[in-house]
Enquirer: 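Would you mind keeping the following structure in view while I ask a few things?
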Amino acid sequence: MPILLAGASGLVGRHALDMLLGTPEYTRILVPTRRDLAGADRRGLLVQHPNVRQVLVDFAKLEDRAVDLRADHVLCALGTTIKQAGSQARFLEIDRDMPVSLARVTKVAGATRFAYVSSLGADEDARTFYLRSKGETEALLRNVGFESVTLLRPSLLLGGRGEFRLGERIGQGLGALVRPLLPARVTPVHAATVAAALIQAVRQDHVGTRVAEGRTLFDLAEGWRREVRD
C-alpha cells in the first residue's frame, strides 16, 4: 500500500514530500489536505506529480474518507500555533484532535507504522499549554495500537516558514556560533532533518513506541540520507 503524509503544506511536510518523491521505493504517496494545493506555486507543482494523490478531507470527519486513506505507513506533520489557530480550543482541534483522528482512521484502514512530529518537552503534565497539548497527543497516539509508533521531539525548528517568528529568527542568527556548544537534545534542528527522520522512522523495522529526540533524531535523519545516497 502507499505511504501517507499529513501536513504536506507545512514546514516539515514540504521537505518530507520533496524527499519522498526522490525515494524510489515510494511510488504512491497519499496527501490528505483541507484545501486544494494544486496551483502555480511550488507546493502545487508537487501535488500534481504522478506519484502523488491529493485527497481532500474534512479532518473532523476522516472516517468518511477512510477507504481513500489506506496506507501501510503514515507520516504526521500536522500542527499550528496559537496565533494561527486563534484560540486554545481551535489549537487543540488542529494540533491534537486531527493527528489522533488520523491515527485511528488509518489504523483501522490497515496502517502498521505511524510517525508524528511532536516537540521537545512534550508532557501531558507540563505547566505550559503547548507542551501539555503535545504530551496529551503523544499519550493518545501510544494507545491507538500501531505495530510501530515514533514520536519525534525536535528542539527549535529552523527553516523558512513565510512568517516571522522571533524565537526561530534568534536561533538562526546564533547559527554556527552557538549550536556546536549545545547538547544534541536542545540543538536547533532544520526542518529538513526532521523530515528525513520522520521518513526513516517508518522505514525501519521497529516494533513498539519510541521517542526520538536529540541524538536519536539526528541518527534517524542521517540513516535516511546514508541509505538514499547508497
Side-chain angles (χ1 to χ4, degrees), residues 1-38 43-79 94-118 137-138 140-152 191 194-210 212 220-221 223-224 227-228:
M1 290 192 290
I3 189 168
L4 184 149
L5 169 63
S9 63
L11 180 60
V12 172
R14 294 199 303 271
H15 286 288
L17 186 54
D18 273 339
M19 293 174 182
L20 288 173
L21 290 173
T23 308
E25 67 195 87
Y26 296 117
T27 58
R28 298 172 63 200
I29 306 165
L30 296 181
V31 178
T33 63
R34 290 174 289 175
R35 57 187 176 83
D36 191 354
L37 299 182
R43 281 176 292 179
L45 295 174
L46 286 177
V47 297
Q48 293 180 48
H49 190 283
N51 289 359
V52 176
R53 181 188 174 198
Q54 184 179 201
V55 183
L56 295 179
V57 300
D58 178 347
F59 278 92
K61 302 177 180 179
L62 280 180
E63 60 277 4
D64 294 344
R65 300 300 303 273
V67 69
D68 298 311
L69 300 176
R70 296 179 61 191
D72 192 25
H73 302 161
V74 179
L75 310 177
C76 183
L78 291 169
I94 298 171
D95 219 78
R96 181 193 64 193
D97 299 347
M98 285 184 184
V100 173
S101 177
L102 177 73
R104 289 171 175 166
V105 170
T106 54
K107 171 63 172 63
V108 171
T112 59
R113 301 178 187 177
F114 191 94
Y116 167 67
V117 181
S118 183
T137 304
E138 289 189 359
L140 291 166
L141 292 175
R142 290 172 185 268
N143 293 319
V144 172
F146 288 104
E147 174 187 295
S148 173
V149 174
T150 301
L151 306 171
L152 297 177
V194 180
L198 188 70
I199 298 169
Q200 183 67 2
V202 298
R203 294 177 77 240
Q204 291 184 335
D205 292 327
H206 174 269
V207 176
T209 300
R210 60 178 166 179
L220 278 172
W224 181 86
E227 290 180 20
V228 170

Enquirer: Hey, are the side chains of Leu21 and Val52 touching, using non-hydrogen atoms and a 4.5 Å cut-off?
Expert: yes

Enquirer: Considering all heavy atoms of both residues, which atom of Ala8 and which atom of Val31 are nearest to each other, and what is their separation?
Expert: CB-CG1, 3.5 Å

Enquirer: Using a 4.5 Å cut-off on heavy atoms from C-beta on, say whether the side chain of Leu75 contacts that of Leu20.
Expert: yes

Enquirer: Are any side-chain N or O atoms of Ser148 and backbone N or O atoms of His206, one a donor and one an acceptor, separated by less than 3.5 Å?
Expert: yes

Enquirer: Is Arg113 salt-bridged to Asp205, going by a charged N under 4.0 Å from an acidic O?
Expert: yes

Enquirer: Is there a side chain to side chain contact (heavy atoms under 4.5 Å, CB included) between Leu152 and Val12 once you walk through the steps?
Expert: CA-CA 12 Å; Leu152 297 177; Val12 172; over 6 Å; no

Enquirer: Are Val74 and Leu69 close enough that some pair of their side-chain heavy atoms sits under 4.5 Å apart?
Expert: no

Enquirer: For residues Asp72 and Thr112, is any side-chain donor paired with an opposing acceptor at under 3.5 Å?
Expert: yes

Enquirer: Can you see which heavy atom on Val105 is nearest to which on Ala66, and at what distance?
Expert: CG1-CB, 3.8 Å

Enquirer: Is any side-chain N of the basic residue among Glu227 and Arg203 closer than 4.0 Å to the acidic one's carboxylate O?
Expert: yes

Enquirer: Which pair of heavy atoms, one from Ala71 and one from Pro2, lies closest together, and at what distance?
Expert: CB-O, 3.0 Å

Enquirer: Indicate the atoms forming the closest heavy-atom contact of Tyr26 with Asn51, along with that distance.
Expert: O-ND2, 3.9 Å

Enquirer: How long is the span from the CD1 atom in Ile199 to the CE atom in Met19, to the nearest 0.5 Å?
Expert: 6.0 Å

Enquirer: Nearest 0.5 Å, what's the CG-CG distance between Asp95 and Leu78?
Expert: 8.5 Å

Enquirer: Quick check: do Thr33 and Val55 have side-chain heavy atoms less than 4.5 Å from each other?
Expert: no

Enquirer: Are Leu17 and Ile29 packed together at the side-chain level, in the sense that at least one heavy-atom pair is separated by less than 4.5 angstrom?
Expert: yes

Enquirer: Quick one: does Val144's side chain get under 4.5 Å of Val149's, heavy atoms only?
Expert: no

Enquirer: So does Leu37 get a backbone contact from the side chain of Gln54, meaning a donor-acceptor N/O pair under 3.5 Å?
Expert: yes

Enquirer: Among side-chain atoms of Arg142 and Thr209, is any donor-acceptor pair under 3.5 angstrom?
Expert: no

Enquirer: So, for Arg14 and Ser9, which heavy atoms are closest and what is the spacing to 0.1 Å?
Expert: NH1-O, 3.3 Å

Enquirer: Ignoring hydrogens and angles, tell me if any N or O in the side chain of Arg65 forms a donor-acceptor pair with the backbone of Asp58 under 3.5 Å.
Expert: no

Enquirer: Measure from the side-chain N and O atoms of Thr23 to the backbone N and O of Glu25, and report whether any donor-acceptor pair falls under 3.5 Å.
Expert: no

Enquirer: I'd like to know if the side chain of Arg96 and the backbone of Thr137 have a donor-acceptor N/O pair within less than 3.5 Å.
Expert: no

Enquirer: Could you check whether any side-chain N or O of Ser101 sits under 3.5 Å from a backbone N or O of Met98, counting only pairs where one atom can act as donor and the other as acceptor?
Expert: no

Enquirer: Between Leu4 and Thr106, is there a side-chain heavy-atom distance shorter than 4.5 Å?
Expert: yes

Enquirer: So, are Arg53 and Asp68 salt-bridged, with charged N and O less than 4.0 Å apart?
Expert: yes

Enquirer: Side-chain contact test, heavy atoms from C-beta onward, threshold under 4.5 Å: evaluate it for Arg104 versus Leu140 and give yes or no.
Expert: yes

Enquirer: Can you tell me how far apart CZ (Arg210) and OG1 (Thr150) are? Round to the nearest 0.5 Å.
Expert: 3.5 Å

Enquirer: Report the distance from atom OH of Tyr116 to atom CG of Leu141, rounding to the nearest 0.5 Å.
Expert: 6.5 Å

Enquirer: Taking atom CG of Leu56 and atom CZ of Arg35, what is their separation to the nearest 0.5 Å?
Expert: 10.5 Å

Enquirer: How long is the straight-line distance from CD of Glu147 back to CZ of Phe114, given to the nearest 0.5 Å?
Expert: 15.0 Å

Enquirer: Do Lys61 and Asp64 sit within salt-bridge range, that is, some charged N less than 4.0 Å from a carboxylate O?
Expert: no

Enquirer: Could you pull out the closest heavy-atom pair between His15 and Ala195, with the gap in Å?
Expert: CB-CB, 3.6 Å

Enquirer: Tell me, with the steps shown, if Val117 and Leu198 meet side chain to side chain contact (heavy atoms under 4.5 Å, CB included).
Expert: CA-CA 7 Å; Val117 181; Leu198 188 70; 3.8 Å; yes

